[in-house]
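Heads up: the structure comes next, in structure tokens.
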Amino acid sequence: QVQLVESGGGLVQPGGSLRLSCAASRSISSIYAMGWYRQAPGKQRELVASITRGGSTNYADSVKGRFTISRDNAKNTVYLQMNNLKPEDTAGYYCDARTQVIVPRIRQNDYWGQGTQVTVLQ
């Protein structure tokens, strides 16, 4: 298991920046993938960005070129740098750790943090 604690959310003007942090309770170097999701009121949770243990990244089209996900294995922390924020980025942001075992069969588990609120003013 792994516990996750997000931080770094807040209130920001359009065009501003925030950096979210996700601190894990144990080493993340072997975790299959880490990701950031967001959920706005009345909407489904959606993937924002993810990074595998090998360093491959994936981004939602809506944030490409503006957001950057990174990981610091020495600090057991994953970051989401958010630049040029827009009002539509307003949401609760959640960190996810996806573990994977392959024996006796492939099985994945997701662990979630409590979330941090990002509000971009209109």
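Remember, predicted model here, so these are calculated numbers, not experimental data. In this chain, numbering begins with 1 at the start of the sequence shown.
Under the 4.5 Å side-chain heavy-atom criterion for ILVMFWY residues, a single connected hydrophobic cluster contains both Phe67 and Leu20. No single ILVMFWY cluster, assembled from side-chain heavy atoms under 4.5 Å apart, contains both Leu47 and Tyr32.
In this structure, Val5 and Gln114 have side chains that are not in contact, with every pair of non-hydrogen atoms separated by 4.5 Å or more. Two residues are said to be in side-chain contact when any heavy atoms from C-beta on lie closer than 4.5 Å; Ile106 and Val101 fail this criterion. Between Tyr93 and Met82, some side-chain heavy-atom pair lies under the 4.5 Å cut-off. Two residues are said to be in side-chain contact when any heavy atoms from C-beta on lie closer than 4.5 Å; Thr68 and Leu80 fail this criterion. For the pair Leu4/Val2, a side-chain contact is recorded, criterion being any heavy-atom separation below 4.5 Å from C-beta on. Put simply, the side chain of Thr90 reaches to within 4.5 Å of the side chain of Gln117, judged on heavy atoms. Put simply, the side chain of Ser21 does not reach to within 4.5 Å of the side chain of Glu6, judged on heavy atoms. Counting only heavy atoms from C-beta outward, the side chains of Asp96 and Trp36 never approach each other to under 4.5 Å.
A cation-pi contact, defined as under 6.0 Å to the ring centre and within 45° of the axis, links Arg19 to Tyr79. Judged by the 6.0 Å and 45° rule, Arg38 forms no cation-pi pair with Tyr94.
More than 12 non-hydrogen atoms from other residues, nucleotides or ligands lie less than 6.0 angstrom from CD of Glu46. Around the CD atom of Glu88, the shell of radius 6.0 Å holds more than 12 heavy atoms that belong to other residues, nucleotides or ligands.
Taking OG of Ser50 as the start and OH of Tyr59 as the end, the distance is 8.5 Å to the nearest 0.5 Å. If you take CE on Met34 and OH on Tyr111, they are separated by 12.0 Å, rounding to the nearest 0.5 Å. How far CD1 of Ile28 is from NZ of Lys75: 12.0 Å, rounded to the nearest 0.5 Å. Annotation: the span from Arg45 atom CZ to Tyr37 atom OH amounts to 9.5 Å, rounded to 0.5 Å. Here Ser56 contributes atom OG and Ile51 contributes atom CD1; the two are 8.0 Å apart, rounded to the nearest 0.5 Å. Atom OG of Ser17 is separated from atom CG of Asn83 by 3.5 Å, given to the nearest 0.5 angstrom.
Between Thr52 and Arg71 the shortest heavy-atom distance is O-NH1, 2.8 Å. The two residues Pro14 and Leu121 come nearest to each other via the heavy atoms CG-O, 3.0 Å. Here the closest heavy-atom approach between residue Arg98 and residue Ile31 is recorded as O-CG2, 3.3 Å. Minimum heavy-atom separation, Arg53 to Ser29: CB-O, 3.6 Å.
With no hydrogens or angles considered, no side-chain donor-acceptor pair links Thr77 and Asp72 at under 3.5 Å. A donor and an acceptor atom, one from each side chain of Asp110 and Gln108, are nowhere located under 3.5 Å apart.
For Arg66 (side chain) and Ser62 (main-chain N/O), a donor-acceptor pair under 3.5 Å exists by modelled atom type. Although no hydrogens or angles enter the test, the distance criterion places a donor-acceptor pair under 3.5 Å between the side chain of Ser25 and the main chain of Gln3.
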For a side chain to side chain contact (heavy atoms under 4.5 Å, CB included) check, start with the C-alpha distance between Thr119 and Val12, then their side-chain angles and the critical distance, and finish with the verdict.
CA-CA 6 Å; Thr119 302; Val12 65; over 6 Å; no
Might you work through the salt bridge (Lys or Arg N to Asp or Glu O under 4.0 Å) test for Asp89 and Lys86, ending with a clear yes or no?
CA-CA 5 Å; Asp89 295 318; Lys86 304 176 180 180; over 6 Å; no
